[in-house]
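We count ligands from 1, going down the list as the structure has it; atoms in each ligand are counted the same way.
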Amino acid sequence: MPAPSLTRQAVEALDAEDELAFLREEFALPQGVVYLDGNSLGALPRAAAARVRDVVEREWGESLIRSWNRHGWIDLPARVAALLAPLVGAAADEVAVADSTSVNLFKLLAGGLRLRPGRKLILSEEENFPTDLYVAQGLSALLDGVSLRLVPRAGLAEALDESVAVLMLTHVDFRTGALHDMPEWTRAAHRAGALVLWDLAHSAGALPVDLAGCEADLAVGCGYKYLNGGPGAPAFAFDPRYRPAAGIARLLCGTPPILSLAALECGVQTISRAGVARLRRKSLALTDLFGRLVEQECPGASLALASPREAERRGSQVALRHPEGYAIVQALIARGVIADFRTPDVLRFGFAPAYLRFTDVWDAVAALRAVMERREWERPEHTARAKVT
Ligand SMILES: Cc1ncc(COP(=O)(O)O)c(C=O)c1O
């Protein structure tokens, strides 16, 4: 008997029963749009919009460098890795969240080749994602004797012999959506004495992946597709052979970090309006003022100048030395003057000329004077070492 034809009403009932229906509300999807490209760029989670705004305005804007500790920036890659690990069947300490898929692929391929000394071949399929192949081609050109062999999918089994160091495959074919049998190909690679490197760009967050269960060696994945981590799409032709772009653009590797770049663009535009000559003039005036004020306000405080006195030999910072440098900097931070410390004894004061006022220099030295006179560095809360100063 033929299946009854589906009606809109029947489909609406599917929505009504959908156990994931509650999730849709968590995404900011435009009205009137049916978005069927989440495999290329995932939609914006509402929480992400608020979170990025908070990171920019409150954390970066107000806490400045203190955010590394105060807002846990230093642990962020590890926190995201721990969240991600179960989605791909790995332990938290086996996952690193960093760079782009292409850069990570390069790192893992290079590492994989070193783990198979004596073998010089990367094996992959002609249908693999183009930039993965570019990366392998580029690495082969860098390493003596290493080469990339490309075969059609149907020829993979035969080509997988004891000359192969790394079998590099994409789990879900980016064109057809066809899935490789991950446990089977991993076993086949191991039987041949090779490592396997999986590209999970179109798998992570969309389908179960059990890297540990199938004893996979290496894998890379993508944060901006089914994991909805933010913008980015390859900005080059899908051609299986790498043809470098003209000029410096050939150094671009994979999808650029759009959110960070958007912020950088604003910063560079602002600085450009000031002009470097004016910036340098003010910078020297600020650092000179700081040096003179420290001498004037903190005599006998054992703060030795570690920066060149001659203006033309000085950058835009002034370093002082003191054996209790770390705690002095902490005491200054507690007073709202944020400088930093570098081992073994350097107090580092940076003077960004675009937004510092001369009165800021005055206030900083006044705080330094108070810290030194009252020996505030001896307070236990200032001597305890944090991860980042
Ligand atoms: C399967 C696959 N591998 C690798 C990449 C490259 O990622 P990226 O450009 O972020 O390095 C993509 C990007 O779309 C992809 O779909």
Side-chain angles (χ1 to χ4, degrees), residues 35-44 48 77 80-81 84 87-88 95-112 122-140 142 148 150 152-153 156 166-182 185-186 196-209 211 216-245 248-262 264:
Y35 188 57
L36 301 182
D37 212 2
N39 57 319
S40 205
L41 173 62
L44 169 67
V80 179
L84 190 57
L87 295 177
V88 292
V95 178
V97 177
D99 306 317
S100 65
T101 307
S102 305
V103 172
N104 288 322
L105 198 87
F106 184 95
K107 294 188 285 192
L108 292 188
L109 259 187
I122 302 165
L123 176 65
S124 194
E125 58 178 323
E126 286 164 356
E127 299 84 356
N128 201 350
F129 194 76
T131 54
D132 289 14
L133 301 181
Y134 303 163
V135 167
Q137 284 167 24
L139 187 64
S140 309
L142 280 178
L148 169 67
L150 293 180
R153 180 167 290 208
L156 272 175
V166 182
L167 171 66
M168 180 180 82
L169 294 176
T170 295
H171 188 204
V172 176
D173 184 282
F174 78 101
R175 286 193 187 87
T176 65
L179 201 59
H180 271 304
D181 184 334
M182 187 184 280
W185 279 111
T186 304
V196 65
L197 167 48
W198 288 104
D199 179 338
L200 304 178
H202 296 268
S203 326
L207 48 109
V209 175
L211 290 171
D217 305 291
L218 306 160
V220 296
C222 176
Y224 56 75
K225 299 182 188 296
Y226 296 106
L227 297 172
N228 306 297
F236 27 78
F238 279 14
D239 184 321
R241 220 150 321 117
Y242 174 66
R243 279 181 285 120
I248 195 74
R250 72 179 51 193
L251 288 186
L252 300 181
C253 182
T255 304
I258 297 300
L259 296 177
S260 316
L261 281 176
L264 180 61

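Side-chain atoms of Ile122 and Leu197, non-hydrogen and from C-beta on, never get closer than 4.5 Å to each other. Between Glu125 and Met168 the shortest side-chain heavy-atom distance does not fall below 4.5 Å.
Those atoms of ligand 1 with a heavy atom of His202 less than 4.0 angstrom away are 1 (C), 15 (C), 16 (O). Near Ser100, meaning under 4.0 Å from any of its heavy atoms, are these atoms of ligand 1: 11 (O). Near Thr131, meaning under 4.0 Å from any of its heavy atoms, are these atoms of ligand 1: 6 (C).
A donor-acceptor pair is defined here as one N or O able to donate and one able to accept, closer than 3.5 Å; no such pair exists between the side chain of Asn128 and the backbone of Ser124.
By the criterion of a heavy-atom distance under 4.0 Å, both the backbone and the side chain of Ser102 are placed next to ligand 1. By the criterion of a heavy-atom distance under 4.0 Å, the side chain of Asp132, and not its backbone, is placed next to ligand 1. Looking at Thr101 against ligand 1, both its backbone and its side chain come within 4.0 Å, counting heavy atoms. Under 4.0 Å from ligand 1, the heavy atoms of Phe129 that appear belong solely to its side chain.
Closest heavy-atom approach to atom 2 (C) of ligand 1 among the candidates Leu200, Asn128, Asp199, Asn104: Asp199.
Of the N and O atoms on the side chains of Trp198 and Ser203, not one donor lies less than 3.5 Å from an acceptor on the other residue. Remark: the Thr176 side chain and the Asp173 side chain contain an N/O donor-acceptor pair separated by less than 3.5 Å.
Evaluated for a side chain to side chain contact (heavy atoms under 4.5 Å, CB included) with Leu200, the options Leu211, Val220, Val172, Thr170 yield exactly one hit, Leu211.
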